[in-house]
Amino acid sequence: MKVAAFVGSPRPDGVTDAVVRQVLRGAEDTGADTTLFHIGLLHIMGCHACMKCRKTGVCVLDDDMRPLFEELRKADCIILGTPIYFYYMTAQMKAFTDRLFSLIGEGFKSRLGRKKTVFVVTQGAEKPELFINQIDSMKEAWGMAGLDIIETVQVCALESAEEVMEDEELMRQAFLTGVDLCRLGIKVFPASPK
Ligand SMILES: Cc1cc2nc3c(=O)[nH]c(=O)nc-3n(C[C@H](O)[C@H](O)[C@H](O)COP(=O)(O)O)c2cc1C
């Protein structure tokens, strides 16, 4: 099982990264191979709307997104992480998302197939309900590209990776989310090995 995580924060050691890493630890506990990409540190252009990918399925832009298409293809499961910036995903995550346009084929069918995906979203505001509509719209957009969000971890008003790691319940839930991502649909008995 391969799991690829994409973090859209420009802060590689921020809150989003810390939560995504904990989800990855849960995935690794099931034996998964994991890789983490910091989109915020890469050079990813926005879509140029040349429409060449409509026929070919291949994006003509030659930048850091190119190898990520291959990573998306190879992965069995995906993790997407972004902070909320001005009521939506970061610009870096939006550029990555717009480039997924090349993965949408005939009849809006994803050329990627369907991939189980966990969404980690972090925000400064304390109230989780503030961004319900935005979160739904992000999930819908990624679903178009074949990334089906099966679970969302929403983290409010934590200011640093240290605060994330001190929050035992968040760490436990994020870990279990990683386990579920790889195990969902599989039930193993006996529940506790002899
Ligand atoms: C440019 C910018 C815009 C932001 N906009 C919002 C916002 O609209 N709503 C909110 O709750 N938090 C907002 N925040 C706070 C971040 O979402 C929050 O601190 C997040 O956890 C940072 O994640 P990171 O540490 O992974 O970068 C913003 C932060 C920045 C730098």
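Side-chain atoms are counted along with the backbone in the values below, which use heavy atoms only and exclude waters and symmetry mates. All ligand and atom numbering here is 1-based and tracks the order in the structure.
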Asks: Just distances here: any N/O of Gly124 and N/O of ligand 1 closer than 3.5 Å?
Replies: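 Yes - when backbone and side-chain N and O of Gly124 are compared with those of ligand 1, one distance drops under 3.5 Å.
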Asks: Between ligand 1 and Pro83, is the shortest N or O to N or O distance under 3.5 Å?
Replies: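 No: no nitrogen or oxygen of Pro83 is under 3.5 Å from one in ligand 1.
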Asks: Looking only at distance, does Val15 have an N or O less than 3.5 Å from an N or O of ligand 1?
Replies: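 Yes, since at least one N or O of Val15 sits under 3.5 Å from an N or O of ligand 1.
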Asks: Which of the atoms in ligand 1, numbered in the order shown and given with their element, are less than 4.0 Å from a heavy-atom of Gly14?
Replies: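 Those qualifying, in numeric order: 25 (O), 26 (O).
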Asks: Got more than 12 heavy atoms from elsewhere within 6.0 Å of CD, Glu168?
Replies: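 No, CD of Glu168 has 12 or fewer neighbouring heavy atoms, counting only those of other groups under 6.0 Å.
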Asks: Under 3.5 Å, is there a donor-acceptor pair between the side chain of Thr82 and the main chain of Thr90?
Replies: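 Side chain of Thr82 to backbone of Thr90, a donor-acceptor pair under 3.5 Å: yes, one is there.
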Asks: More than 12 heavy atoms of other residues, nucleotides or ligands under 6.0 Å from CD of Glu140: is that the case?
Replies: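 No, because the 6.0 Å sphere around CD of Glu140 holds 12 heavy atoms or fewer from other groups.
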Asks: When you measure from atom 5 (N) of ligand 1 to every protein heavy atom, which one gives the shortest distance, and what is it?
Replies: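 Checking every protein heavy atom, the shortest distance to atom 5 (N) of ligand 1 gives Phe86 N, 2.9 Å.
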Asks: Who's the nearest protein heavy-atom neighbour of atom 2 (C) of ligand 1, and how far?
Replies: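 Looking only at protein heavy atoms, the one closest to atom 2 (C) of ligand 1 is Tyr85 CD1, 3.6 Å.
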Asks: Where's the contact between Ala125 and ligand 1, heavy-atom distance under 4.0 Å: side chain, backbone, both or neither?
Replies: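 Near ligand 1, Ala125 shows its backbone as well as its side chain.
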Asks: Measure the shortest side-chain to side-chain distance between Leu42 and Phe96 over non-hydrogen atoms and say whether it is less than 4.5 angstrom.
Replies: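 Not in contact.
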Asks: Atom CD1 of Ile149 and atom CG of Asp136: how far apart are they, to the nearest 0.5 Å?
Replies: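 Reported to 0.5 Å precision, the distance equals 11.0 Å.
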Asks: What protein heavy atom sits nearest atom 26 (O) of ligand 1, and how far away is it?
Replies: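 In this structure, atom 26 (O) of ligand 1 has Thr16 OG1, 2.6 Å as its nearest protein heavy atom.
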Asks: Is it the side chain, the backbone, both or neither of Arg11 that has a heavy atom closer than 4.0 Å to ligand 1?
Replies: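 For Arg11, the contact with ligand 1 is made by the side chain alone.
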Asks: Looking at Arg25 and Glu28, does any basic side-chain N land under 4.0 Å from a carboxylate oxygen?
Replies: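 Glu28 and Arg25: not salt-bridged.
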Asks: Taking only non-hydrogen atoms of Phe131, do any sit less than 4.0 angstrom from ligand 1?
Replies: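 Distance cut 4.0 Å: Phe131 passes for ligand 1.
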Asks: Is Thr122 close to ligand 1, meaning an N/O of one under 3.5 Å from an N/O of the other?
Replies: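 In this structure, Thr122 places an N or O atom under 3.5 Å from an N or O of ligand 1.
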Asks: Quickly, which of Lys116, Lys139, Arg114, Lys115 forms a side chain to side chain donor-acceptor pair (under 3.5 Å) with Asp148? Name it, please.
Replies: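 Only one of Lys116, Lys139, Arg114, Lys115 forms a side chain to side chain donor-acceptor pair (under 3.5 Å) with Asp148, namely Arg114.
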Asks: Give the numbers and elements of all ligand 1 atoms closer than 4.0 Å to a heavy atom of Ser9.
Replies: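 Heavy-atom distances to Ser9 below 4.0 Å select 24 (P), 26 (O), 27 (O).
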Asks: Heavy atoms only: which of Ile84, Val7, Val121 is nearest to atom 17 (O) of ligand 1?
Replies: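 Of the listed residues, Ile84 has the closest heavy atom.
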Asks: Return yes when atom CD of Glu106 has more than 12 non-hydrogen atoms of other residues, nucleotides or ligands closer than 6.0 Å, and no otherwise.
Replies: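 No, the 6.0 Å shell around CD holds no more than 12 heavy atoms from other groups.
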Asks: Would a distance-only check, ignoring hydrogens and angles, find a side-chain to backbone donor-acceptor pair under 3.5 Å from Glu71 to Ala4?
Replies: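 Checked: no pair found.
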